[in-house]
Amino acid sequence: MRVVVPFAAETPKTRLESVLTPAERSAFARAMLADVLRAVVEAGHEPTVVSTAPLDLAGLELPGEVAASASVTADDRPLTEAVNARLPGGDAETTTDEPAPVAVVMADLALATPDALERLLTSTADVAVAPGRGSGTNALVVRHPEFRVDYHGTSYLDHRETAREIGATLETVDSFRLATDVDEPADLVEVIVHGRESNRAPACLREFGFALDERDGRVDIVRNEDCAAE
Ligand SMILES: Nc1nc2c(ncn2[C@@H]2O[C@H](COP(=O)(O)OP(=O)(O)OP(=O)(O)O)[C@@H](O)[C@H]2O)c(=O)[nH]1
Ligand SMILES: C[C@H](OP(=O)(O)O)C(=O)O
């Protein structure tokens, strides 16, 4: 299946600005992107990164099999427009054949595994959504040619309503790993606790000096400030 991975390449993860410098946010966002691309490829699919700016995938130092399967295209339109152009029947579609299903997997799903993705990607519903905590749309598969996304805010609820309006069947995929996107400082705990052992994102955070901190029976994250970059 075609898997689109949207990526804000220029100033990613601004909501982490209280804990990471711009250079660290850029490195961390790229580490999560590399992990997501690997999970997609290990699930047997070929990801296309839709990046807000030209992006050299070689700079991500992806494992060979991942580098061979992944591609990148630059599109400076806002997220919703860039994704809609690539859905079945969208204006970036070049095929005249029956529109093929398209998956959209966000680049900040640092806990994504091939198994979790496969549960979503094998859904036969017209629209399958893995919602985020809150009401985001962390990943989805679209088979219905009239379905269009509208991201931000309560996008999961909005997408359910859109599916109802166009008469599309909708499956909600309940997955802790796909529901956990990394937006805010509190989410960094999840990356360290639940990130796959071989993933780049937890290693990146540890390199920056982050570690778990257990106090009063609660798990938090602390930083050794000697590791902070400019
Ligand atoms: N192609 C494209 N991808 C985007 C755009 N905005 C966000 N993304 C990607 O969409 C996904 C979800 O976006 P957010 O969670 O808002 O990520 P972000 O923009 O890096 O983070 P914030 O600056 O904190 O909002 C991530 O994979 C982003 O890299 C955009 O305008 N175009
Ligand atoms: C793109 C947006 O992501 P969030 O702002 O929820 O991380 C959404 O899922 O609608």
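Counting convention: from 1, in listed order, for ligands and their atoms alike. Just so it is clear, the values below take in all heavy atoms, side chains as well, and ignore hydrogens, waters and symmetry mates. In this text the structure is predicted, and so the values were computed from the model without any measurement.
- Asp187 and Arg15 are not joined by a salt bridge, as no carboxylate oxygen comes within less than 4.0 angstrom of a charged side-chain nitrogen.
- Remark: side-chain polar atoms of Asn199 are not paired, donor with acceptor, to backbone N or O of Ala201 under 3.5 angstrom.
- Looking from atom 32 (N) of ligand 1 to the surrounding protein, the closest heavy atom is Thr52 CG2, 3.2 Å.
- For ligand 2, the polar-atom distance check finds an N/O of Ser155 within less than 3.5 Å of one of the ligand's N/O atoms.
- Checked by distance only, ligand 2 and His152 come closer than 3.5 Å through their nitrogen or oxygen atoms.
- Ligand 1 places these atoms under 4.0 Å from at least one heavy atom of Pro12: 20 (O).
- Residue Leu212 comes nearest to Val219 through the heavy atom pair CD2-CG1, 4.0 Å, listed as atom of the first residue, atom of the second, then distance.
- Closest to atom 23 (O) of ligand 1 among all protein heavy atoms lies Thr14 OG1, 2.6 Å.
- In this structure, the protein non-hydrogen atom closest to atom 1 (N) of ligand 1 is Val50 O, 3.0 Å.
- Every atom of ligand 1 is numbered from 1 in the order shown, and the set under 4.0 Å from a heavy atom of Asp183 is 15 (O).
- Of the N or O atoms in Lys13, one or more lie within a sub-3.5 Å distance of an N or O in ligand 1.
- Using modelled atom types, no side-chain atom of Ser51 and backbone atom of Ala74 make a donor-acceptor pair closer than 3.5 Å.
- Of the N and O atoms on the side chains of Thr154 and Ser135, not one donor lies less than 3.5 Å from an acceptor on the other residue.
- Electrostatic pairing of Arg215 and Asp220 does not count as a salt bridge here, judged by no charged N lying under 4.0 Å from a carboxylate O.
- In this structure, atom 13 (O) of ligand 1 has no protein heavy-atom contact shorter than 4.0 Å.
- In Asp181, the part holding a heavy atom less than 4.0 Å from any atom of ligand 2 is the side chain.
- For atom 7 (C) of ligand 1, the nearest protein heavy atom (residue, atom name, distance) is Ala8 CB, 3.8 Å.
- Here the heavy atom of the protein found nearest to atom 4 (C) of ligand 1 is Leu79 CD1, 3.6 Å.
- Across the listed options Glu17, His152, Met106, Arg15, Arg15 owns the non-hydrogen atom lying nearest to atom 16 (O) of ligand 1.
- For ligand 1, none of its N or O atoms has an N or O atom of Asp181 under 3.5 Å away.
- Residue Asp183 has at least one nitrogen or oxygen atom sitting less than 3.5 Å from a nitrogen or oxygen atom of ligand 2, judged on distance alone.
- Across Val104, Leu79, Val83, Thr137, heavy-atom proximity to atom 1 (C) of ligand 2 is greatest for Leu79.
- Atoms of ligand 1 lying under 4.0 Å from at least one heavy atom of Ala107, given by number and element, are 27 (O).
- Not one N or O on the side chain of Asn84 forms a donor-acceptor pair closer than 3.5 Å with the backbone of Glu81.
- In this structure, His159 does not count as a contact residue of ligand 2, since none of its heavy atoms falls inside 4.0 Å of the ligand.
- Look at Asp75 and you'll find every heavy atom at least 4.0 Å from all atoms of ligand 1.
- For atom 3 (N) of ligand 1, the nearest non-hydrogen atom of the protein is Phe7 N, 3.3 Å.
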